[in-house]
Structures are given as C-alpha cells and as structure tokens.
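Naming convention: chains lettered A, B, ... in sequence-line order (proteins, then strands); numbering from 1 in each chain. These numbers were taken from a predicted model, which means no experiment stands behind them.
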Number of protein chains: 2
Amino acid sequence: MNLDNTDLQLLALIQSDDSISIEVMASHVGLSKTPCWRRVQKLESAGYIKRRVALLDAEKFGLGVSVFVQVKTNQHDANWSEDFARTVSAFPEVVEFYRMAGEYDYLLRVLVKDIPAYDRFYKRLISATALTDVTSNFAMEQIKWTTQLPLPTLSKE
Amino acid sequence: MNLDNTDLQLLALIQSDDSISIEVMASHVGLSKTPCWRRVQKLESAGYIKRRVALLDAEKFGLGVSVFVQVKTNQHDANWSEDFARTVSAFPEVVEFYRMAGEYDYLLRVLVKDIPAYDRFYKRLISATALTDVTSNFAMEQIKWTTQLPLPTLSKE
DNA sequence: TTTGAAAAGTGCCAGTT
DNA sequence: AACTGGCACTTTTCAAA
C-alpha cells in the first residue's frame with residue numbers, strides 16, 4: 001500500500017488528536033465524509049494505525065519520576081534472554097524496555113512515584129532476575145514526551 | 001477529586017483501548033450508560049485524561065531505530081537551558097527528552113529510520129546547539145513500549 | 001471516485017427512583 | 001448516587017452520478 005499526501009495528513013491529524021469527528025477531519029484534508037472515512041478504515045486495516053488510546057496525566061497519579069536503568073549481563077543464550085524479556089516486561093512500572101548495542105545490554109525506563117518507590121521496584125527486579133550489574137539514572141524533569149512519530153514531510157505534486 | 005475503584009477501572013480501560021463505546025465500557029465496570037458517561041466526562045475535565053490519540057506503527061514508516069543520546073554540558077544558566085530545551089524539543093525526531101540527575105545532564109530518545117538518518121540528525125543537532133559532549137547508544141530491539149501508566153491497584157471494600 | 005441521503009449506532013440530556 | 005427512555009448527532013452503508 002502506498003500513502004499519498006492526504007493519507008499522511010490524516011495520520012498526522014489523528015496521532016495528535018483522535019477525538020475529532022470524521023467530518024472535521026474531512027474538512028481539514030479537503031475531502032467529504034465518506035472518502036475520508038474510507039481512507040481511515042483502510043489505514044487501520046493495513047496496520048498503519050495500531051490502536052486508539054487515552055493518554056493519562058502521570059502527575060495526577062503522583063508518577064513523577066522516570067528512572068533509566070542500564071543493565072549489563074554475561075548471560076546471552078536464547079532461553080535466558082526470552083525469560084528475562086518476559087519477566088521484566090511483566091512489571092507495569094517498566095514502560096519502556098530495549099535491547100541495546102554497546103556497553104550496556106538493556107535499557108529500561110521505569111515510572112514510579114518517588115525514590116522509595118523506585119527502591120521497592122529495584123528490589124523486586126533484582127530478586128526476579130538475579131541481575132548483578134545495574135545502573136540507575138534518575139530524570140529530574142521530562143522536557144518532551146510524545147507518541148507522535150516523525151512522519152515523512154509531504155511531497156509536492 | 002477522589003477516585004474510587006470504578007474510576008480506576010475506567011481509566012485502566014481507556015488507556016488500553018479508547019475505541020470502545022460508552023455502552024461497552026459501562027458493562028465492563030457494571031454501570032449503565034449515563035453514569036459511566038458522566039464519570040468519563042468528569043475524569044476528562046478534572047485532567048486525569050489528557051488526550052485521545054491514535055498510535056501509529058513505527059515499523060510501517062521504517063522508523064525502526066531508537067537512539068538514546070546522552071548529553072553533558074558545562075552551560076547551566078537559565079537562559080541557556082531554556083533555549084536548549086526549546087531548540088531540541090523542536091526536532092520531531094526527538095520523541096523523549098529528559099533533564100537528568102547524575103553524570104549526564106540530558107537524555108534524548110531519537111527515532112529514526114537507520115544509522116545514516118541518525119547521522120544526518122546528529123549533524124543538525126550539533127550545529128543547532130553547539131554541543132560537544134554527546135554519547136549515542138543504539139537500541140537493537142524494542143522489547144516493550146507502552147503508554148499505559150502503572151495505576152494503583154484496586155482496593156477492596 | 002465522489003456525493004448525498006438513509007440506516008444503524010452513540011452520545012448526551014431530562015425526568016425518575 | 002444510579003437507571004430508563006428518548007432525542008440529536010455521528011458514523012456507516014448504499015445507491016446513483
């Protein structure tokens with residue numbers, strides 16, 4: 001499937017605000033309701049749109065602290081990796097989890113209320129995974145956080 | 001405003017899937033349409049729900065590489081920090097941006113197509129900010145990524 | 001492919017328990 | 001507080017251009 005400028009406009013629109021009606025979307029991209037609706041359906045069934053969610057305000061729940069956890073390991077066989085991935089992913093506090101190139105093997109972003117809450121998480125993590133080499137870096141401030149992908153800019157025609 | 005179990009259930013529901021109708025939500029939490037709708041309205045106007053968005057599939061756009069960029073600086077006055085925050089935030093490739101405690105001053109997550117694309121971004125970043133101490137760490141695999149906050153578990157009553 | 005309008009489904013409000 | 005019923009509006013389908 002090939003996307004044209006109108007598709008990209010629609011995607012840019014709904015990844016920034018999905019609460020607008022089809023009618024409003026249609027007028028933004030210069031279409032009428034039906035063809036606009038059909039494009040969105042198509043983008044959804046083709047998998048460009050993965051899901052529609054509400055983003056909650058972390059501050060309201062006291063979840064003000066992001067901790068970046070760097071993990072080094074000497075275990076590298078496939079079974080261990082799978083177990084590790086599953087175990088770590090199961091923690092709801094782990095909101096991001098990457099396998100890295102370079103010095104550290106894994107990077108986690110952990111979202112907690114405060115330092116004591118992180119300490120409790122940390123202990124549970126260590127005991128669940130038997131990790132030894134773990135470095136924690138605390139974020140003081142979240143300057144930017146977005147779910148919006150950097151989409152290709154519109155081509156002229 | 002105080003949240004009860006029903007509110008937390010509703011929030012957990014819509015932060016995982018916002019495409020369901022009020023009616024379906026209502027049946028999930030054991031309410032009928034109107035009170036359910038009223039609760040959601042209230043949660044929205046109280047700011048617990050920040051926005052509703054569509055999450056797009058990064059792979060479909062070839063955005064397969066996350067790069068974590070650690071930045072050290074010796075500039076620390078307020079003006080410089082504000083300028084820096086504004087300049088860096090303006091890059092659409094920068095999807096996350098934190099001010100850190102500890103060894104590094106800032107951490108960025110940059111979302112790009114491949115290594116050459118990162119190199120192009122890197123050059124633009126350097127020339128826009130006059131940074132000197134920059135370390136880039138590449139993610140090989142995104143094992144987990146979620147927008148779902150770890151909400152407090154439901155209390156008994 | 002688009003348009004316009006009908007059918008189906010939701011969101012929203014009033015009155016009531 | 002919550003439920004029932006109903007109107008208005010939006011989404012979805014479909015026939016015709």
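Nearer to the 5' terminus of DNA chain D, by closest-nucleotide assignment, is the contact made by B:Pro35 (compared with the other of B:Pro35 and A:Gln41). With DNA chain D read from its 5' end, the first of the two nearest nucleotides for B:Lys33 and A:Ile20 is the one closest to B:Lys33.
Heavy atoms of A:Arg39 sit nowhere under 4.0 angstrom from any nucleic acid atom. The residue B:Thr34 sits close to a base: some heavy atom pair falls under 4.0 Å.
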inquiry  = If a pair means Watson-Crick or G-U wobble with both distances below 3.5 Å, what does DNA chain C look like in dot-bracket form, with | marking bases paired to a different strand?
reply    = ||||||.||||||||||
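The nucleotide whose nearest atom lies closest to any side-chain atom of A:Arg38 is, among C:dT3, C:dC13, C:dT2, C:dT2.
In 5' to 3' order, the nucleotides of DNA chain D bounding all contacts with chain B (an atom under 4.0 Å from a heavy atom) are D:dA2 to D:dG6.
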inquiry  = One pair to check against side-chain contact (heavy atoms from CB on, under 4.5 Å): A:Leu125 and A:Phe91. What are the steps and the verdict?
reply    = CA-CA 8 Å; A:Leu125 179 72; A:Phe91 285 92; 4.2 Å; yes
task = Take A:Asp18 and A:Arg52, measure what salt bridge (Lys or Arg N to Asp or Glu O under 4.0 Å) needs, and give me the verdict at the end.
result = CA-CA 8 Å; A:Asp18 191 39; A:Arg52 293 147 188 284; 2.8 Å; yes
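For B:Tyr98 and A:Arg109, the side-chain atoms include at least one donor-acceptor pair closer than 3.5 Å.
At a threshold of 4.0 Å, the pair A:Glu93-A:Arg124 counts as salt-bridged, since one of the basic side-chain nitrogens sits closer than that to a carboxylate oxygen.
Heavy-atom minimum distance, B:Ser136 versus B:Val67: CB-CG1, 4.0 Å. Pairing each heavy atom of A:Asp4 with each of A:Asp7, the nearest pair is OD1-N, 2.9 Å.
In this pair, A:Tyr118 and A:Tyr122 present their aromatic rings tilted. The plane angle is within the 30 to 60° band.
Contact annotation: A:Ser32 does not reach the phosphate of C:dT2 (side-chain N/O to OP1 or OP2, under 4.0 Å).
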